[in-house]
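Computed from a predicted model, the values in this text were never measured in an experiment. Atom set for the values below is all heavy atoms of this structure, side chains included, hydrogens, waters and symmetry mates excluded. The chains referred to below are lettered A, B, ... by the order of the sequence lines, with proteins before strands, and numbering in each begins at 1.
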There are 2 protein chains.
Amino acid sequence: MDFKHDLFAQFARVGKALSNGNRLELLEFLAQGERSVEQLSTVAGLTVANTSQHLQQLRHAGMVTSRKEGLKVYYSISGDDIITLLNALRAVAERHVTDVQHLVNTYLTVKDSLEPIPRAELLERARAGLVTVLDVRPAEEYASGHVIGAVNVPLKNLEKWIKKLDKNQEIVAYCRGPHCVLAFDAVARLREKGIKARRMQDGYPEWKTAGLPVEVSQSGT
Amino acid sequence: MDFKHDLFAQFARVGKALSNGNRLELLEFLAQGERSVEQLSTVAGLTVANTSQHLQQLRHAGMVTSRKEGLKVYYSISGDDIITLLNALRAVAERHVTDVQHLVNTYLTVKDSLEPIPRAELLERARAGLVTVLDVRPAEEYASGHVIGAVNVPLKNLEKWIKKLDKNQEIVAYCRGPHCVLAFDAVARLREKGIKARRMQDGYPEWKTAGLPVEVSQSGT
DNA sequence: CTAGTAATCAACTAATCTATTGAATAGTTA
DNA sequence: TAACTATTCAATAGATTAGTTGATTACTAG
């Protein structure tokens, strides 16, 4: 039964693509949308050459596609099934790898008070004008796609923004995904100032994948 | 942002567990239920020591648990989320790794005529007595759990069984999972004899995970 | 045509992973 | 207690992988 052996070896190619932390980080970032090699290298903190090599491995595993435009090469996730796979991986890691639980609990602070608000609920409440949706990712990421009606305030501009905010307005913050720390940070800071703030469940990629309404624009801070 | 780095490194531990074909094979087999190290080693065609080591890696990644009973150690999948993860991995590999498509097409023959029958549909038709459900896995695997009402005929007994079969009875065969070749084989042979036969969608682990009715018994061929 | 930029390639070292071997451990049976 | 079995452990050689460096390619702009 050599067929069986070959088949599992092929499945393992996809597994191998997931076996490196840097590649997972690149994938998570790509899950938000198309990115150039340079962008990816700075976010992940890798050299350009190294990033390029990782991206090629991901491409060979069929997980990303690339497109050349002028000097730049843009990579993107090759399908929604990749996001499903990443979520399944995350779920397993969270449930079973005790170190992950430890990390999440240690760094992401006061867990219970930061319970995320489900996507469906948020959409309703935002439509009713009950909450302001806050996108704390950098401006470029916001521009390339965000939750409908969301306001973009990158973390470094948060303090300034808080000042001119109606203290009674409830805020729901989101960023790149369930483990992106930006939204946690923002919520913590807003709460310090006495503002009612919560995190959105997961992040932009999941919102988009769930088929909920998004916008693409250039509007900044 | 060292937290981010650590977190992805932890996720990669799960990815690493999936990065080897032999481990994936062990997992697929474990998805059917509890197995001893020896059983696993023979199915995967590995030495006992090597199997033991792979299993320990899977345990460190939190994907399997073990239980000692007398001389034997029994391993099992640590949760349904592992099956979800395996399915997501398979889906990605099938969709994006062209070699997998090639292998499946080459070995699993006459693709279109072997379209699988969905689980829900099968359950209905089996209940109505319209089809006979055929479990072509070895007797021990059948004994440790099978689709309700299924008849166990290991592949080697198939020819004998065909002889005493009503040619008008429709057969639906299943085995270990979507890529288990046993069911393909059985369907091909049944069709040769002019019997209406199809494969069930996926295999026993998926049936069980879907919450559909199962039986545990000793009844054999 | 030249200079400059984004990405890839090629070569290399250090680190990690795989499978094998033989010994050690834990539990059973006589 | 001694012999036996199932599993694990420890050491090892060979293969694979990760990241660095410097050169090369493909393209743009002057």
Looking only at side-chain N and O atoms, does A:N20 come under 4.0 Å of OP1 or OP2 in D:dA18?
-> yes

Is any side-chain nitrogen or oxygen of A:Q57 closer than 4.0 Å to OP1 or OP2 of D:dT17?
-> no

Cation over ring face, B:R35 and B:F29, 6.0 Å, 45° = yes

Would you say A:K208 has more than 12 foreign heavy atoms packed within less than 6.0 Å of its NZ?
-> no

How is A:V48 classified with respect to the nucleic acid when contacts are heavy atoms under 4.0 Å: base, sugar-phosphate, or nothing?
-> base

With respect to the phosphate group of C:dC17, does any side-chain polar atom (N or O) of B:H54 fall under 4.0 Å of OP1 or OP2?
-> no

When rounded to whole Å, the NE2 to C1' distance for the pair A:H60 and D:dA18 reads 17 Å

Does the pair A:E28/A:R90 count as a salt bridge with the N-to-O cut at 4.0 Å?
-> yes

Whole-Å gap separating P (C:dT29) and NZ (B:K72) = 12 Å

OP1 or OP2 of D:dT17 less than 4.0 angstrom from a side-chain nitrogen or oxygen of A:R23, does that happen here?
-> no

What's the CD-C1' distance between A:Q39 and C:dA7, to the nearest Å?
-> 14 Å

Below 4.0 angstrom from OP1 or OP2 of D:dG19, is there any side-chain N or O of A:N22?
-> yes

Starting at the 5' end of DNA chain D, which residue's closest nucleotide do you reach first, B:E38 or A:E69?
-> B:E38

Is B:Q53 side chain donor-acceptor paired with the D:dA10 base, going by distance under 3.5 Å alone?
-> yes

Does the side chain of A:T47 get closer than 4.0 angstrom to OP1 or OP2 of D:dG19 through an N or O atom?
-> no

Whole-Å distance between D:dA6 C1' and B:L40 CG?
-> 13 Å

Face-on cation placement of A:R137 at A:Y204 ring, 6.0 Å and 45° thresholds | yes

Once you round it to whole Å, what is the distance between P of C:dT8 and NZ of A:K68?
-> 8 Å

B:L58 CG to D:dT7 C1': how many Å, rounded?
-> 16 Å

Classify the nucleic acid contact of B:S36 as base, sugar-phosphate or nothing, counting any heavy atom under 4.0 Å across all strands shown.
-> sugar-phosphate

Side-chain donor or acceptor of A:T209 paired with backbone N/O of A:P205 under 3.5 Å = yes

Let me know the distance between CG of B:N50 and P of D:dG14, rounded to the nearest Å.
-> 17 Å

Between D:dT8 and B:Y75, is there an OP1 or OP2 to side-chain N/O distance shorter than 4.0 Å?
-> yes

Taking every heavy atom of B:S78 against every heavy atom of B:T65, the minimum-distance pair comes out as CB-CG2, 3.9 Å

Among C:dA7, D:dG22, C:dG27, find the nucleotide with the atom closest to the side chain of A:A49.
-> D:dG22

Would you kindly compare A:Q56 and A:L71 by the position of their nearest DNA chain C nucleotide and give the one closer to the 5′ end?
-> A:L71

Between CG of A:L18 and P of D:dA18 the distance, given in whole Å, is 12 Å

